[in-house]
Amino acid sequence: MKYKKIIRTLALTLFSSLFLLSAAVVISYLGESRAQEAAFDELEKLAAKAETSAAPSSTVDSDTGEAGSPAMLPGYAALYAENSDLFGWVQIPDTELSYRNCFWRR
């Protein structure tokens, strides 16, 4: 009888600890998710302020005369300062589609 009570107490303690650990991980994940969502919302506000009416001009290599990568629109400088991987922003009016495009060199 005594062994059953000890085993039951150990099992209850183990499962309670496991439950509390799992709850802590879930709460941590939710907090991190909200922080990332807030950061994305800030980037989205910066993108909304960006000047998109002018087309970007291409840069020209002075040595070869070949066209290089397009120059950055002035309105996106603040976004680029916040996230240097920024390549562009895709946004469709009257929809919820509004995402940044990033580029990673390998």
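The structure presented is a predicted model; accordingly, all values stated were derived computationally and were not measured.
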Quiz prompt | CG on Leu21 to OG on Ser16, rounded to 0.5 Å | solution = 12.5 Å

Quiz item: Do any N or O atoms from the side chain of Ser17 and from the backbone of Thr13 form a donor-acceptor pair under 3.5 angstrom?
Solution: yes

Quiz item: From Lys2 NZ over to Ile6 CD1, what is the distance, rounded to the nearest 0.5 angstrom?
Solution: 6.0 Å

Quiz item: Judged by atom type as modelled, is there a donor-acceptor pair below 3.5 Å linking the side chain of Ser28 to the main-chain atoms of Ala24?
Solution: no

Exercise. Treat each ILVMFWY residue as a node, draw an edge where side-chain heavy atoms are under 4.5 Å apart, and state whether Phe40 and Leu97 are in one component.
Key: yes

